[in-house]
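One structure is given below, encoded as structure tokens.
Per chain, numbering begins at 1; letters A, B, ... match sequence-line order. Just so you know, these numbers use all the heavy atoms, side chains as well, and skip hydrogens, waters and symmetry mates. The structure presented is a predicted model; accordingly, all values stated were derived computationally and were not measured.
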Amino acid sequence: MPTPPAESVPSVLELLSAASNVSPDNLARLNLACIESGKEMGEFLYRDGGQNPQLVRGAIICQLYVLDKMLPRDEAESAMRVVGQNSCPIEQALDKIGWPRAYFENVRHLRDLLLTSSLINDKQKTLTYATCFPFQLPFLSALVQRQALTEETADFVLSVQYMILNENLPLEEAIDLLGRCTKPDGILAKPELATKPPMRQVHFTGSRLGELLVKSTIINQIQLIAALEDGRRKGQLLGETLIEHGSLTEVDLKRALNAQGRVHNGNLTVAEAIAKLDPKRIITPY
Amino acid sequence: MVELQPNISLETLEELLRKREFLECIKLGNTMLQDPKLRSGQGAATDYKIACYLTIGDAHFGLKEFQSALNEFDKARSLAEHRYGPVSEEALKCLFCMERAIKAVAAMEGLSADTNIRTSTLLLEAEHAQGQSGQHPVLRHSRTLQGIWAVALEKQKGHGKNPLISLIEFVMNKLGSARVEEYLARICIVISSTGLGCLAIYTFFWCYLHPNPTAVNPVAHGDFRTINLAHCKKGALWSFNTIVGDNNSLGWMHDGRAQISETDVPSDKKLPVIICNRDPNTMLSALISSCTLNNLLLRWNGYALQDQNSVVYYDTSEPEFGVAGKMYGIANWAQKYFKDHGHYPTSSDGSLNYSNPITKRPDKVLIITVKNLKDKYLSELCQSKAVSAHPGMIVCGEFGPRMFFIGGLDREKNPIPVSNGHNEFLPLSPAQKSSAPELSEALTRINGIVVFEEAIDSFSYFICAHTMLLFTSLVLILGAIGPAVFLLTKNWRSAVRTTKKRPGVGEPTAR
């Protein structure tokens, strides 16, 4: 997928005209009437013009994606045309035109978490965008490769995000947790939290498949993060994604799953499971 | 309903927002969001969180932190959509806040749509120009409508436009701008004023070098020499010949027109004649005629007609014609003398007698040795040699063996012009023709004749003597006054100052 160019954010009116073929004359009149009313274009069209709320919502969401340089302008107009024809939510329209919405939504979610918890700054975000977007690479692994985030923190971020998506963790608590993580330079993301008690203590069990594979050095942390992030948006299991990425063979997956099961049943400790797995079978990352 | 801490409520946040204490509002809002009851609560707690996010977003907006505001509004939208549905009123309210923030962020990062910028600019211009006119908004912004329409058309046409058309549009746009109008008006004023100044200087010098001749003898009405057409018989041709070359003649036709011929054979070219007397209509006709026609202006100097180039047109029956005939006879003799002797005659070669046509008595041709070629005026030459001038006198000057001059005086002891009006002598040189071709060429360019029966002022005569002068002057005056009035009417100076002081221009706004 080519890099979306830094193009101007289309106005709501432009996107709506793409959806419903408004003539230039009427466009000008609408624009004027909106300015006279003193409202934003979307609000004006919805409240005073009786415009379909799905169209208005779609236009504003498209603006948001274009502003984030995730959605090219022409694709935004195509999506608006689909909304205009089917009166469907913009999410469906974006899926219909083939835009990888799940990937970009995941990136936006991770970005909001990391920026709000001060784990990364705006410049790091922009640079990582430039790396990730052309080939839709996993956002967190790119941050780790850029050394903007440690591997442990990235893994923790993924775990926290998983809990947020499952509604097991409120956003404020998640930010509190992430703000206590350390940056690559060893400093806390939010140093002012060091003196405060955490809102919630979260414990992740060590029997997870990914942790087992990393500790037994079958895969490395970056491969794990990339697979977790990618699998989450594709709705795949971790092992499935690792095999798809070429980080893991089916034989190793079976052995790791067997060990994980035995740990889960209490027949084996984690240390014993790691020892049983061959530590020399690391496959070169993709 | 979730109970919040007693000192934090939404009203408190809104109060802080009203007081523009944005930092305090954000801090308090974040504290409120971390409240355990709100954190873990569902239902009404979500409403509080939505309101809280919106308030924090507004506070960020007040601090011009538009990206942060956008993030807060986005959180509120997610919650509202999750609780009430994507197109619910609550979710749309958050969405419209987002729209406001998106617009501000795009404006800050220079990613606004061009159409919006142009629309806003055009609107501001139109509002500024129209002021509080009280017209209907659409009428008030009619110029803006055209501008937007043009933008919309431009968008439709796309980018594959002919570069020539783009260039023309660019030039037309530039020409339509107030600054270019003002610039052109100033240039026009400068050029026109300079032209008028040059014209004034030229007028002064022309009038100085072409003094208005005064009639020695008053013109008697009915005298044939004053072109009284009542005396013309049908088909009559009265000739007024110039001295030069003895072959240019000016004749008057019975139908009021005139003709100029180089030889005795009349040409087919008939010229309109305007006889200008005390009647203002005739003067006006002469002035209007000078706008289009290259006129020959004739004035009566007492005994002959004289044009604007000081060429004198004598009636063939006048004695000055006889003097001129004698002069040409002497010229032929001098040329023959040169062929025989290798030099022109000198005062030591003996005297030459002739019959003076004016005094009707025998006279002697005076040959004077000229030592300085600057003595080109006959009267000055006579004075330097202490010669007393008399009517019909012929004076010759010799300057070396190869230069010879012949001059004659008329009845008023004025030199008879024999060349194009600027030379009082008939100059001779070996193998020279006696005619003056430049005069003939000047006469062929004439396409109208104005005869002044009465003396007129120098300025009117100046206007009549120059074709297109009146029209050019009118254009120059209009070119100077018109743009000046335009600039005064537009009051562009104050307009520029007001534009600079216009509030809000260049600032990123939420609208």
Side-chain angles (χ1 to χ4, degrees), chain A residues 6-15 17 22-36 38-44 46-47 52-54 56-61 63-64 66-69 73 89-91 108-109 111-112 115-116 122 167 170-173 175-176 199-200, chain B residues 30 33-36 38-41 49 67-68 70-71 74-75 77-79 81-82 86-89 91-93 95-103 105-107 109-117 119-120 123 137-138 141 144-156 510-511:
Chain A
E7 52 195 350
S8 63
V9 180
S11 69
V12 170
L13 197 60
E14 284 173 309
L15 289 168
S17 70
V22 184
S23 70
D25 201 20
N26 288 334
L27 271 179
R29 286 203 175 90
L30 277 173
N31 211 357
L32 266 184
C34 170
I35 292 166
E36 290 288 340
K39 292 176 185 168
E40 291 302 326
M41 181 59 72
E43 189 177 4
F44 169 73
Y46 172 66
R47 298 205 189 286
N52 183 355
Q54 288 288 9
V56 176
R57 179 175 175 271
I60 297 173
I61 300 285
Q63 274 192 317
L64 187 65
V66 175
L67 184 68
D68 283 339
K69 300 179 180 61
R73 193 173 165 148
I90 185 67
E91 288 82 2
R108 285 190 76 241
H109 193 242
R111 177 204 68 185
D112 290 344
L115 282 175
T116 317
D122 206 51
E167 298 181 359
L171 185 64
E172 287 71 32
E173 288 179 8
I175 291 166
D176 181 73
M199 289 181 183
R200 183 191 286 195
Chain B
N30 284 326
L33 283 171
Q34 287 170 4
D35 188 277
L38 203 63
R39 231 165 48 212
S40 57
K49 285 173 87 171
Q67 186 62 55
S68 304
L70 179 58
N71 292 339
D74 198 17
K75 286 175 192 169
R77 178 188 67 92
S78 301
L79 283 177
E81 284 187 358
H82 191 255
V87 289
S88 61
E89 185 62 32
L92 287 174
K93 188 183 171 188
L95 204 66
F96 298 143
C97 290
M98 276 178 64
E99 186 187 4
R100 190 159 52 103
I102 288 169
K103 196 170 179 180
V105 173
E109 294 181 5
L111 296 174
S112 302
D114 296 342
T115 318
N116 284 347
I117 293 172
T119 305
S120 306
L123 255 179
V138 174
H141 303 311
T144 314
L145 268 174
Q146 290 169 7
I148 295 166
W149 192 75
V151 172
L153 276 183
E154 193 179 347
K155 183 186 162 193
Q156 273 195 338
R511 265 218 52 73

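A distance of 8.5 Å separates CD1 of A:I175 from CG of B:N30, quoted to the nearest 0.5 Å. For the atom pair CD of A:E43 and CZ of B:R100, the computed distance is 9.0 Å after rounding to the nearest 0.5 Å. Interatomic distance, CG of B:N71 versus CZ of A:R111, reported as 6.0 Å (0.5 Å rounding). From A:E172, atom CD reaches atom NZ of B:K49 across 4.5 Å, with rounding to the nearest 0.5 Å. How far CG of A:L171 is from CG of B:L33: 9.0 Å, rounded to the nearest 0.5 Å.
Using a 4.0 Å cut-off between a side-chain N of Lys or Arg and a carboxylate O of Asp or Glu, A:K39 and B:E99 do not qualify as a salt bridge. Classification of A:R57 and B:E81 as a salt-bridged pair holds, one side-chain N sitting under 4.0 Å from a carboxylate O.
The ring pair (Phe, Tyr, Trp, His ring centres under 6.0 Å) search around A:Y46 returns B:F96, not counting sequence neighbours. Applying the side-chain hydrogen bond (donor to acceptor under 3.5 Å, both in side chains) rule to B:D74 yields the partners A:R108, B:R77; only residues at least two apart in sequence or on another chain are considered.
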Start with the C-alpha distance between B:V87 and A:N52, add both sets of side-chain angles, then the distance that settles side-chain contact (heavy atoms from CB on, under 4.5 Å), and finish with yes or no. CA-CA 9 Å; B:V87 289; A:N52 183 355; over 6 Å; no
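B:I102 touches chain A through backbone and side chain together, each having a heavy atom under 4.5 Å away.
Across A:L64, A:T116, A:L115, the residue that shares the most heavy-atom pairs under 4.5 angstrom with chain B is A:L64.
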